[in-house]
*Asks:* 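After the structure tokens below, expect a handful of questions from me.
In what follows, chains are A, B, ... by sequence order, proteins preceding strands, each numbered from 1.
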Amino acid sequence: MTIPNISNSETYLRMYRQMVRIRNFEDNANKLYLTAKMPGLTHMYSGQEAVAVGLCEALEKTDHITSTHRGHGHCVAKGADFQQMFCELLGKEEGYCRGKGGSMHIADQENGNLGANAIVGGSAGIATGAALSAKRLATGAVTVCFFGDGALGQGLLYEVMNMAALWSLPIIYACENNLYGEYTHVSEMAAGQLKTRASAFGIDSFEVDGQDVLAVNDLAQDLVVRARRGEGPFFVVLNTYRYHGHHVGDINRAYYRSKEEEDEWKTNRDPIKNFAHWLIDKKIIDQQDLTEIQKDIAAEAEAAVIYALAARYPSEREVGDHVYKI
Amino acid sequence: MTIPNISNSETYLRMYRQMVRIRNFEDNANKLYLTAKMPGLTHMYSGQEAVAVGLCEALEKTDHITSTHRGHGHCVAKGADFQQMFCELLGKEEGYCRGKGGSMHIADQENGNLGANAIVGGSAGIATGAALSAKRLATGAVTVCFFGDGALGQGLLYEVMNMAALWSLPIIYACENNLYGEYTHVSEMAAGQLKTRASAFGIDSFEVDGQDVLAVNDLAQDLVVRARRGEGPFFVVLNTYRYHGHHVGDINRAYYRSKEEEDEWKTNRDPIKNFAHWLIDKKIIDQQDLTEIQKDIAAEAEAAVIYALAARYPSEREVGDHVYKI
Amino acid sequence: MREITLSQAVNEAIAEEMRRDPTIFLLGEDVAEAGTPFKILSGLVEEFGTERIIDTPISEPGFTGIAVGAAMTGSRPIVDLMFGDFLTLVMDQMVNQAAKIHYMSGGKLNVPMVLRTNMGATRRSAAQHSQSLHAWVCHVPGLKVAMPSSAYEAKGLLKTAIRDNNPVIIFEDKLMYQDKAEVPEEEYLIPFGEAKIHRPGRDITLIATSSMVQVAQQAAESLAQEGIEAEVIDPRTLVPLDEGTLIASVKKTSRAIVVDEGHRNYGITAELASRITEKAFYYLDAPVQRLAAMDVPIPFSPPLEDLTVPTPDRLVVAARAALKGELPHGA
Amino acid sequence: MREITLSQAVNEAIAEEMRRDPTIFLLGEDVAEAGTPFKILSGLVEEFGTERIIDTPISEPGFTGIAVGAAMTGSRPIVDLMFGDFLTLVMDQMVNQAAKIHYMSGGKLNVPMVLRTNMGATRRSAAQHSQSLHAWVCHVPGLKVAMPSSAYEAKGLLKTAIRDNNPVIIFEDKLMYQDKAEVPEEEYLIPFGEAKIHRPGRDITLIATSSMVQVAQQAAESLAQEGIEAEVIDPRTLVPLDEGTLIASVKKTSRAIVVDEGHRNYGITAELASRITEKAFYYLDAPVQRLAAMDVPIPFSPPLEDLTVPTPDRLVVAARAALKGELPHGA
Ligand SMILES: Cc1ncc(C[n+]2csc(CCOP(=O)(O)OP(=O)(O)O)c2C)c(N)n1
Ligand SMILES: Cc1ncc(C[n+]2csc(CCOP(=O)(O)OP(=O)(O)O)c2C)c(N)n1
Ligand SMILES: [Mg+2]
Ligand SMILES: [Mg+2]
């Protein structure tokens with residue numbers, strides 16, 4: 001792992017906090033599902049925290065991201081607050097989308113999150129368009145397009161990467177390779193080497209350990225600077241793992257992946273645990289303060305859940321609003 | 001060019017004849033357009049003959065091809081006859097598709113031509129499906145999917161190449177790089193190196209001079225054998241040029257390509273002229289016999305045109321037929 | 001007769017047909033070991049192997065196109081499109097290719113394939129996983145469209161679809177997969193273009209598709225308690241459409257309501273209402289009414305989502321209005 | 001007033017709006033130096049440069065998606081979709097993304113974009129280049145749909161579309177690009193949701209879209225010679241729809257025919273006929289009739305192709321039948 005830079009302590013701790021916040025958010029979302037308090041299904045990000053946090057910490061608030069069906073992590077990492085997020089998951093009026101979007105469409109425009117997307121690969125066009133907009137309007141904004149290994153199956157991605165390359169757009173395509181698309185292993189879904197999918201378009205492509213938040217962040221910092229200078233686009237494969245099932249209801253997973261594999265990642269490659277060790281090791285924080293952080297976040301999450309459970313649904317009149325913007 | 005193999009004289013001459021047949025077909029089609037005898041527009045294949053002939057001569061009748069909006073050359077090369085082709089171009093009952101398809105949808109199932117396609121890239125799925133069918137039903141058939149450099153913009157192609165690679169399908173993706181998609185140069189449409197578009201999927205990829213029928217045919221023979229053995233898929237970029245405009249009505253081309261460029265290809269890189277020189281050079285045929293071949297073909301084409309012009313339109317009752325197969 | 005779920009009915013139909021005809025294969029996402037997220041296809045890969053139950057990458061346009069090409073060359077593919085909302089991704093392959101190839105080739109080529117997909121809201125799946133988009137494909141000559149309303153129809157219609165020589169799209173309601181119905185032990189097929197009268201009645205005709213047949217039947221029960229005898233008819237296939245049965249019923253009852261879960265605006269209720277009005281105009285005592293999904297993207301929030309779909313209560317209200325000859329929507 | 005072609009009208013609308021608002025840009029295939037295959041956009045790249053008139057690769061889903069994202073982030077893109085038949089390729093971006101984003105985000109995000117495309121047959125372009133697919137997008141809440149019937153409407157509707165804060169799809173008839181009409185020198189906009197009465201009449205209402213307005217006007221001329229006064233109405237936008245004007249007319253004339261170049265089956269004529277019937281039922285002396293494209297893929301062969309579209313003659317025959325109160329199609 002990287003050599004610590006003491007002037008970065010703040011940043012390190014913020015990254016730690018954000019990863020813990022994501023994990024806490026997900027644990028609570030899962031609980032809401034298991035206790036039948038959440039409508040529908042949802043997809044847990046737990047295990048992949050270093051990806052979202054490592055990348056988003058390299059961005060400004062005015063930079064954009066697009067997200068996926070597995071989008072809570074991106075949303076938290078880009079600066080969202082728990083209360084509005086839980087309200088959205090429960091379909092409440094105070095949710096980020098007034099309860100109309102739900103988990104799979106959560107968006108947080110103020111922080112530059114253009115939204116989760118329930119069409120696999122569906123946000124690749126949106127992200128590339130945001131980058132074109134930024135370039136044309138000279139806003140200086142960079143866009144990160146998050147998508148999974150499964151989205152590599154979608155032709156749309158190749159179409160927009162080609163245009164991003166032709167037009168040197170300020171965008172980073174972030175492929176979170178968590179090894180599975182639903183119940184199918186990436187090796188059954190993707191021929192060849194993942195990285196070359198983008199280098200075929202002349203796009204500078206990278207591969208990084210998605211469990212190592214500092215490695216992700218270092219690379220991201222570098223690419224964001226370069227993208228702002230007009231040297232984009234870039235493509236990054238981030239190797240990671242999802243701890244839960246494909247969605248909260250996917251409990252019996254033995255037919256597509258082994259318990260051993262899951263345990264290996266959870267035990268030895270957990271991005272939060274490993275980063276905590278490093279922080280302590282490097283004397284950036286001690287165990288007691290870390291525990292304090294964890295407690296604070298747990299309390300914040302719990303309060304948000306309680307708030308959201310008690311919050312109002314949108315009024316029935318709203319069903320017809322927002323079909324068209326006046 | 002290749003060292004002649006005297007036992008191949010027959011093949012050489014058949015390839016020559018097929019190239020001349022395509023050129024004659026196109027010249028007549030263009031004349032029909034210019035004299036306002038042909039409905040609609042059509043896209044000329046002239047200049048690209050070595051591609052269609054070099055590849056199709058490596059195929060059996062039972063092998064499949066899919067074709068494009070610029071499809072007359074593929075159709076002739078796969079064994080179609082002039083009369084039914086001209087009838088189709090004129091919308092006559094005796095056309096390959098009873099006049100219902102026209103130039104952009106000409107198909108010749110008996111000879112394995114699954115049809116031209118007016119959706120750029122639209123036949124990539126069909127071709128790959130034919131290859132899957134052949135593999136599953138163990139027919140031994142190989143499919144060649146013809147498409148232009150412009151079709152590299154379509155995401156569908158990447159989706160099906162991925163599956164062809166995952167499933168080792170007996171298919172050859174033949175990318176005819178004639179440098180333009182309509183009025184736009186390939187360099188404005190395609191980032192990176194064309195060949196790597198397929199090697200990114202682990203597909204064995206090749207580049208060949210598409211004006212050299214022997215080079216094309218040598219490679220094709222090799223790949224067809226390998227595809228039948230289950231070593232497919234393959235991808236080939238064939239560098240070539242279209243002599244006419246994008247379609248017969250595209251007369252003023254100076255704003256997108258120079259007269260000099262056109263002349264260079266027509267004068268120094270004509271696939272038919274150069275092959276004729278080679279045939280004479282290698283004493284496979286003399287000029288007199290060549291001229292005889294040309295005359296025969298011209299007569300065949302002329303007769304077919306006269307026949308087609310006089311042929312009947314389908315009866316009005318037919319308009320409702322073939323919407324569904326009973 | 002035994003009872004099975006709609007999910008089992010689909011599974012049986014595919015298994016029976018695959019045993020009969022080795023040229024049939026099935027492809028889609030997570031169809032093999034996973035048996036689809038809805039577990040509809042469980043067990044098929046064990047019987048037929050991964051050569052015939054084929055897991056694909058997440059490439060809807062690609063694998064649909066592959067099915068078209070396979071269908072043109074001696075195979076009879078079944079495509080599993082995980083959500084009906086993904087029709088957006090396969091329109092080119094279905095509409096510009098599959099639907100037109102037989103016609104464009106003057107009858108020489110044909111495309112015997114089935115696209116199985118689903119429809120229906122109120123599953124709290126939000127706007128991109130709740131649509132009922134069958135109106136689009138009904139508008140395309142060359143495609144056939146089936147809408148099973150129970151396990152019984154699901155099996156019989158799917159078997160017919162698989163044997164059809166044309167591209168057929170079949171929409172299953174997601175919320176009905178666990179619904180049971182009586183299904184014969186012995187083999188049966190349901191011909192296309194034959195509507196089914198689920199309940200006879202003389203006062204008003206309720207024409208309903210897919211899960212709306214249940215809605216109509218519940219409404220008919222309620223209406224019966226008020227002395228109103230509703231006839232409930234299920235067209236079963238929208239293309240081809242059994243116009244005759246619909247019109248005969250309306251000529252008898254003089255009133256009709258069409259109920260469907262697609263959006264109301266420019267949806268299939270308009271076509272059915274127009275066909276009836278055109279051919280039974282002088283028998284009608286009131287305009288044919290339409291009940292359909294509200295013209296809004298489907299909201300996630302449960303209390304909002306529940307407002308968007310037709311319900312028995314709303315149908316009963318509409319029926320009472322029709323019987324009074326009132327115009328719909330307060331016009 | 002000066003006369004300009006529909007093609008010039010489109011060009012002017014875009015140029016005027018681009019001068020006014022620097023956030024507007026246009027993208028599509030062969031739009032810059034080539035000015036599109038129809039030469040509609042000639043001259044724009046010279047004025048606005050390749051940064052604002054952007055040639056794309058042949059990637060309809062891709063560049064449409066890019067437009068959606070650009071529209072969400074401060075730009076107002078215009079997409080040029082070369083043929084309406086390619087709607088098949090952009091349905092996901094338009095329907096699952098553009099149409100729903102405002103709603104799904106609870107009103108926080110919006111997508112001010114225009115998709116310009118075309119429609120119309122009899123150009124001998126065969127089944128994949130002749131379709132009129134507007135019914136599909138009319139069915140999707142969140143999209144607006146405009147159908148200009150002349151150069152005048154083309155300019156005014158397009159300017160309104162560009163200023164709209166929602167995704168708008170505009171269908172131009174390919175065969176009308178060279179048709180001229182009077183167009184004011186000064187700036188004007190045509191509001192959405194306001195039908196235009198092209199010709200007043202008391203005996204029958206002819207509701208026609210796009211080029212079918214010309215067909216209706218010709219039919220009206222012929223009918224006038226028989227003493228039948230037809231009112232010709234052009235809805236101009238199908239979403240939003242000016243139901244009021246249509247219904248007021250039918251209440252006056254008691255008879256109506258809807259004419260459109262999309263396929264008849266499950267097409268837009270059904271919705272318009274249903275709306276009228278629902279709200280003017282007791283004023284109707286005959287069922288609303290529908291004239292539309294035949295339900296076949298468009299054949300290449302000219303004598304066959306000409307059979308597939310509505311013509312003035314066919315409309316006159318239908319109008320006479322309606323006036324006699326006959327049912328359509330010999331029912
Ligand atoms: C176009 C489309 N196809 C299929 C699905 C169903 N689906 C939802 S998530 C998913 C797997 C996605 O895999 P990946 O991109 O690797 O993301 P992950 O779930 O691993 O985060 C699938 C197939 C969908 N939502 N959209
Ligand atoms: C999906 C689609 N987009 C656009 C077009 C219009 N179009 C027809 S041919 C063509 C250029 C194709 O270029 P290429 O693939 O290189 O083939 P070539 O014409 O050079 O043979 C275009 C853009 C089309 N027919 N289909
Ligand atoms: Mg994954
Ligand atoms: Mg080309």
*Asks:* Looking at B/G181, B/G40, B/A118, B/G249, which has the largest count of heavy-atom pairs under 4.5 Å with chain D?
*Replies:*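 Highest number of heavy-atom pairs under 4.5 Å: B/A118.
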*Asks:* What option among D/A126, D/S125, D/A34, D/P61 has the most heavy-atom pairs under 4.5 Å with chain B?
*Replies:*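 Highest number of heavy-atom pairs under 4.5 Å: D/A34.
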*Asks:* Which bit of D/D306 comes within less than 4.5 Å of chain B, counting heavy atoms only: side chain, backbone, both or neither?
*Replies:*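 Neither part, no heavy atoms under 4.5 Å.
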*Asks:* What part of D/L307 lies closer than 4.5 angstrom to a heavy atom of chain B: side chain, backbone, both or neither?
*Replies:*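 Only the side chain of D/L307 comes within 4.5 Å of chain B.
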*Asks:* What distance do B/Y183 atom OH and D/T36 atom OG1 have between them, rounded to the nearest 0.5 Å?
*Replies:*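 If I round to the nearest 0.5 Å, the distance is 9.0 Å.
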*Asks:* Count the heavy atoms of every other residue, nucleotide or ligand shown that sit under 6.0 Å from CD of B/E261, and state whether that count exceeds 12.
*Replies:*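 Yes, the 6.0 Å shell around CD holds more than 12 heavy atoms from other groups.
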*Asks:* I'd like to know whether CD of B/Q193 has more than 12 heavy-atom contacts from other residues, nucleotides or ligands below 6.0 angstrom.
*Replies:*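 At most 12 heavy atoms, drawn from other residues, nucleotides or ligands, come within 6.0 Å of this atom.
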*Asks:* Roughly how far apart are B/F147 CZ and D/I58 CD1, rounded to 0.5 Å?
*Replies:*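 The distance works out to 12.0 Å.
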*Asks:* Does D/E29 reach the side chain of B/T184, with side-chain heavy atoms less than 4.5 Å apart?
*Replies:*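 With C-beta onward as the side chain, the pair stays apart.
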*Asks:* Name the one of B/E188, B/H185, B/E182 that satisfies side chain to side chain contact (heavy atoms under 4.5 Å, CB included) with D/D55?
*Replies:*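 Result for side chain to side chain contact (heavy atoms under 4.5 Å, CB included) with D/D55: B/E188.
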*Asks:* Would one find more than 12 heavy atoms of other residues, nucleotides or ligands at under 6.0 Å from atom CD of D/E46?
*Replies:*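 More than 12 within 6.0 Å, yes.
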*Asks:* In Å and rounded to the nearest 0.5 Å, what is the CD1 to NE2 distance from B/I119 to D/H129?
*Replies:*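 The CD1 atom of B/I119 sits 6.0 Å away from the NE2 atom of D/H129.
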*Asks:* Any side-chain heavy atom of D/E60 within less than 4.5 Å of one from B/Q154?
*Replies:*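 In short, these two side chains touch, coming nearer than 4.5 Å.
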*Asks:* Looking only at heavy atoms and a cut-off of under 4.5 Å, which of B/E93, B/H246, B/H322, B/M189 has the most pairs with chain D?
*Replies:*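 Among B/E93, B/H246, B/H322, B/M189, the one with the most close pairs to chain D is B/M189.
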*Asks:* Under 4.5 Å heavy-atom distance to chain D, tell me which part of B/L89 shows up: side chain, backbone, both or neither.
*Replies:*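 Just its backbone gets close to chain D.
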*Asks:* Any cation-pi pair here, B/K92 with D/F300, using under 6.0 Å and within 45°?
*Replies:*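 Relative to the ring axis of D/F300, which defines the angle, B/K92 lies outside at least one limit.
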*Asks:* With a 4.5 angstrom heavy-atom cut-off, could you sort out which part of D/F86 is near chain B: side chain, backbone, both or neither?
*Replies:*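 Side chain only.
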*Asks:* So which of D/A127, D/P303, D/A32 has the largest heavy-atom pair count under 4.5 angstrom toward chain B?
*Replies:*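 The option with the most such pairs is D/P303.
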*Asks:* Run the side-chain contact (heavy atoms from CB on, under 4.5 Å) check on D/Q128 and B/N117 step by step: do they pass?
*Replies:* CA-CA 8 Å; D/Q128 292 175 341; B/N117 210 307; 3.3 Å; yes
*Asks:* Nearest 0.5 angstrom please: D/S59 OG to B/L152 CG, how far?
*Replies:*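 If I round to the nearest 0.5 Å, the distance is 9.5 Å.
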*Asks:* Ignoring hydrogens, what is the shortest heavy-atom contact between B/V319 and D/L304? Give both atom names and the distance.
*Replies:*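 Looks like CG2-O, 3.8 Å.
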*Asks:* Side-chain contact, heavy-atom cut-off 4.5 Å: D/S301 with B/K100?
*Replies:*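 No - every pair of side-chain heavy atoms lies 4.5 Å or more apart.
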*Asks:* Could you tell me which portion of D/T308 (side chain, backbone, both or neither) has an atom closer than 4.5 angstrom to a non-hydrogen atom of chain B?
*Replies:*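 Side chain only.
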*Asks:* Please classify the contact between B/L90 and chain D as side chain, backbone, both or neither, with a heavy-atom cut-off of under 4.5 Å.
*Replies:*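 Contact with chain D is through the backbone of B/L90 alone.
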